[in-house]
Amino acid sequence: MPANPMFWQKEVETLERPALEALQLQRLQETLRRVERVPFYRGKFLAAGFKPEELKSVDGLRRLPFTTAADLRENYPDGLLAVPREEVLRLHTSSGTTGKPKALFFSRRDVDNAAELLARAFCMTGVTRRDVFQNMMSYGLFTGGLMMHYGAEKIGCMVIPSGPGPSERQLLLMQDFGTTVIHVTPSYAFYFADFLEKKGVDPHKDLSLRKAFVGAEPYTQETCGKIEAALGLDVYNSYGLTEMNGPGVAFECEHKSGLHVWEDNFVLEIINPATGDPVKEGETGELVLTSINREAMPLLRYRTRDLTSLIPGACACGRTHRRIRRITGRSDDMFIVRGVNIFPQQIERVLMAMPQIGRNYLIQLDGLDDLTVKVELSPPAFDGQVGHLEELQNQVAEKLRAELWVRPKVDLVAAGSLPVTEGKAKRVIDKRSL
Ligand code: ADP
Ligand code: ZN
């Protein structure tokens with residue numbers, strides 16, 4: 001056990017910046033040597049006139065082009081593998097939305113290291129071996145199951161690999177084994193909270209839940225607050241992507257003021273998605289990551305499509321690894337209605353701030369260029385009178401217009417009537433005939 005229970009690897013987590021940057025450079029150089037064996041990268045180095053041995057600073061990486069999700073698909077299944085096949089211990093894939101999946105390989109050291117990074121995350125949120133961790137994410141090719149499981153085992157807490165699945169069974173496990181920590185998507189957290197309400201179970205009194213790791217999809221601060229209130233626990237934002245190990249790339253510490261990115265493992269850049277240039281510190285842009293501690297399949301300057309910004313300054317926890325703000329969406333989530341750029345999270349922020357509004361919503365684009373927001377009512381806050389319903393509908397539409405500059409049609413529907421998934425929620429349905 002580490003000396004300070006809030007730190008798993010205190011020395012590296014609190015490494016002074018110059019030492020941390022020296023470590024980054026050294027690992028980046030090793031990574032470049034490793035990927036030189038991959039024809040895809042060798043070709044890129046040649047085209048850019050880039051000689052790995054001449055790299056003198058981490059910033060020198062910027063001379064290389066980005067790697068994109070399309071590159072991964074074009075090199076499917078194993079074109080980006082950087083080690084002999086027999087060194088691969090595990091395969092994960094990222095579902096994506098269309099076509100072939102992205103295949104990601106892990107060596108033994110990669111799997112172990114990913115678990116170490118997660119152990120750091122568990123530890124900094126105050127999880128100890130006395131905790132009972134119920135992993136309600138899907139096991140299998142999705143990293144949210146297995147990777148998180150391995151991280152929890154490093155800490156030594158008791159792991160219940162429940163996976164997603166019947167809420168009845170989840171509840172039974174929680175009651176019988178005293179679950180204290182769960183791992184869920186924000187949409188499933190709400191679904192489960194509704195289920196508990198229907199069962200007459202009050203999580204504040206009847207369960208031992210203390211913390212939830214919530215991630216896999218973007219959610220707002222307002223949603224976070226609603227989950228905390230509904231389930232009676234502390235929510236910690238957990239960010240990751242299969243391309244970079246899965247969960248554990250960035251995580252909130254006990255101060256919950258941004259997510260620390262493990263910079264001894266990832267070089268982070270935030271770029272203007274349109275130009276590819278770095279944004280000014282603190283400005284929002286697309287997160288670009290380079291894995292510098294991976295054997296089987298490191299990726300250089302990978303465009304995550306996730307939008308965030310850097311938080312300047314040091315964190316009160318003492319960790320020196322920089323923090324990013326909660327992901328506000330993906331650059332490819334944006335949709336355009338009547339010439340206006342809209343992110344689903346803008347809509348979510350407005351809805352979640354209204355007490356009369358429930359927890360699930362769906363954005364529908366249809367007709368020529370019509371925007372409809374379907375949203376569930378919050379049962380206790382609504383008296384069922386039709387006149388009041390229309391008034392509320394108008395109120396929601398007006399608040400959305402003020403935020404978006406487009407007035408949507410608002411459909412208020414009964415609580416529990418919109419579809420829910422245990423995996424990632426699908427929030428936008430585009431059926432436009434443009
Ligand atoms: P897929 O690509 O199939 O969705 P991944 O599990 O690799 O599978 O998904 C990673 C993506 O999920 C990230 O790039 C990001 O868009 C989203 N994501 C993961 N964690 C968070 C989080 N905490 N906040 C916002 N988005 C997240
Ligand atoms: Zn911190």
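For reference, positions follow the sequence shown, starting with 1.
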Could you go through the side-chain contact (heavy atoms from CB on, under 4.5 Å) check for L268 and R322 one step at a time? CA-CA 9 Å; L268 74 100; R322 285 178 298 173; 4.1 Å; yes
Show, in sequence, the C-alpha distance, side-chain angles and deciding distance for V420 and F190, and conclude whether the side-chain contact (heavy atoms from CB on, under 4.5 Å) test is met. CA-CA 9 Å; V420 260; F190 277 153; over 6 Å; no
T125 and E252: side-chain hydrogen bond (donor to acceptor under 3.5 Å, both in side chains), yes or no, with the steps? CA-CA 7 Å; T125 63; E252 279 180 331; over 6 Å; no
Could you walk me through whether D110 and N245 pass the side-chain hydrogen bond (donor to acceptor under 3.5 Å, both in side chains) test, one step at a time? CA-CA 8 Å; D110 293 338; N245 294 352; over 6 Å; no
Full working for side-chain contact (heavy atoms from CB on, under 4.5 Å) between T68 and Y302: CA-CA 6 Å; T68 63; Y302 184 70; 5.6 Å; no
Passes side-chain hydrogen bond (donor to acceptor under 3.5 Å, both in side chains), R325 versus T308? Steps please. CA-CA 6 Å; R325 293 192 172 84; T308 184; over 6 Å; no
Take K199 and D194, measure what salt bridge (Lys or Arg N to Asp or Glu O under 4.0 Å) needs, and give me the verdict at the end. CA-CA 9 Å; K199 294 287 289 185; D194 283 343; over 6 Å; no
Can you check side-chain contact (heavy atoms from CB on, under 4.5 Å) on L241 and L289, steps first, answer last? CA-CA 10 Å; L241 61 164; L289 294 170; 4.1 Å; yes
Start with the C-alpha distance between E116 and K154, add both sets of side-chain angles, then the distance that settles salt bridge (Lys or Arg N to Asp or Glu O under 4.0 Å), and finish with yes or no. CA-CA 7 Å; E116 287 286 343; K154 282 253 177 225; 3.3 Å; yes
Quick one, D202 with K205, criterion salt bridge (Lys or Arg N to Asp or Glu O under 4.0 Å). Give me CA distance, side-chain angles, the key distance, then yes/no. CA-CA 6 Å; D202 177 358; K205 290 204 308 266; 3.5 Å; yes
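The shortest distance between side-chain heavy atoms of I271 and D277 does not fall below 4.5 Å. Within the 4.5 Å cutoff, no side-chain heavy atoms of P161 are placed close to those of N135. Between V184 and I227 there is no side-chain heavy-atom pair separated by less than 4.5 Å. Side-chain contact check for T328 versus F343: every heavy-atom pair is 4.5 Å or farther apart. Here the side chains of N293 and R109 are in contact, with some heavy-atom distance below 4.5 Å. Within the 4.5 Å cutoff, no side-chain heavy atoms of V375 are placed close to those of N360. At a threshold of 4.5 Å between non-hydrogen side-chain atoms, the residues T185 and V214 do not count as touching. T128 places none of its side-chain heavy atoms less than 4.5 Å from the side chain of I155.
Of the possible polar contacts, none joining the H321 side chain to the H260 backbone as a donor-acceptor pair under 3.5 Å is found. Without hydrogens or angle criteria, T304 side chain to L287 main chain gives a donor-acceptor distance under 3.5 Å. E228 places a side-chain N or O within donor-acceptor distance of the main-chain N or O of V235, the cut-off being under 3.5 Å. Checked by atom type and distance alone, the side chain of E13 pairs as donor or acceptor with a backbone atom of Q9 at under 3.5 Å. With R301 contributing its side chain and L64 its backbone, the two residues share a donor-acceptor pair below 3.5 Å. For the pair R37 (side chain) and A82 (backbone), a donor-acceptor distance under 3.5 Å is present. At least one donor-acceptor pair closer than 3.5 Å links the side chain of R323 to the backbone N or O of G313. Judged purely by atom type and a 3.5 angstrom limit, T14 has no side-chain atom pairing as donor or acceptor with the backbone of R319. A donor-acceptor distance shorter than 3.5 angstrom exists from the side chain of E376 to the backbone of L418, with no hydrogens or angles considered.
With salt bridges taken as basic N to acidic carboxylate O contacts below 4.0 Å, none links R42 and E36. Contact check on D59 versus R62 returns a salt bridge, with a Lys/Arg side-chain nitrogen under 4.0 Å from an Asp/Glu carboxylate oxygen. Electrostatic pairing of E263 and R17 counts as a salt bridge here, judged by a charged N lying under 4.0 Å from a carboxylate O. Under 4.0 Å is where a charged nitrogen must lie from a carboxylate oxygen, and between K102 and E243 at least one such pair does. Contact check on K424 versus E217 returns no salt bridge, with no Lys/Arg side-chain nitrogen under 4.0 Å from an Asp/Glu carboxylate oxygen.
Note that R427 lies in the cation-pi zone of Y361, set by a 6.0 Å cut-off to the ring centre and a 45° limit from the axis. Cation-pi geometry between R294 and F106 is met: the NZ or CZ atom falls under 6.0 Å from the ring centre, inside 45° of the normal. Geometric assessment of R90 against the ring of Y150 yields a positive cation-pi assignment under the 6.0 Å and 45° thresholds. In this structure, R303 is positioned above the aromatic face of F66, its NZ or CZ under 6.0 Å from the six-membered ring centre and within 45° of the axis.
Side-chain N/O atoms of S378 and Q356 include no donor and acceptor closer than 3.5 Å. Between the side chains of T179 and Q134, a donor-acceptor pair is found at a separation under 3.5 Å. Counting only N and O atoms by type, the side chains of S162 and Q170 include a donor and acceptor under 3.5 Å apart. Side chain to side chain, S167 and Y188 meet the donor-acceptor criterion of an N or O pair below 3.5 Å.
Minimum interatomic distance between P312 and E281 (heavy atoms only, all atoms of both residues): CB-OE1, 3.7 Å. Looking at every heavy atom in both residues, G285 comes nearest to P273 through CA-CD, 4.5 Å. Minimum heavy-atom separation, D264 to R27: O-NH1, 2.7 Å. Counting all heavy atoms, side chain and backbone alike, S187 lies closest to A425 at OG-CB, 3.5 Å. L310 and I270 make their closest contact through N-CD1, 3.6 Å (heavy atoms, listed as atom of the first residue, atom of the second, distance). When all heavy atoms of R210 and D131 are compared, the pair lying nearest together is NH2-OD1, 2.6 Å.
Rounding to the nearest 0.5 Å gives a distance of 10.0 Å between CD of E30 and CG of L25. To the nearest 0.5 Å, the span separating CG on L299 from CG on L72 amounts to 5.5 Å. One finds the CG atom of L371 at 8.0 Å from the CG atom of L400 (value rounded to the nearest 0.5 Å). Separation of atoms CZ (F7) and CD (E11) is listed at 12.5 Å; rounding is to 0.5 Å.
Residue Y191 qualifies as open at atom OH: its count of foreign heavy atoms under 6.0 Å is 12 or below. Atom CD of E53 sits in a crowded spot, with more than 12 heavy atoms from other residues, nucleotides or ligands closer than 6.0 Å. Heavy atoms of other residues, nucleotides or ligands lying less than 6.0 angstrom from CZ of R108 number 12 at most. Taking a 6.0 Å sphere around NZ of K256, one finds it holds more than 12 heavy atoms contributed by other residues, nucleotides or ligands.
Taking the six-membered ring for Trp, Y139 and H149 have ring centres closer than 6.0 Å.
Screening residues 196-238 for ring-ring contact (aromatic ring centres under 6.0 Å, His included), with sequence neighbours left out, gives F122-F213, F213-F251.
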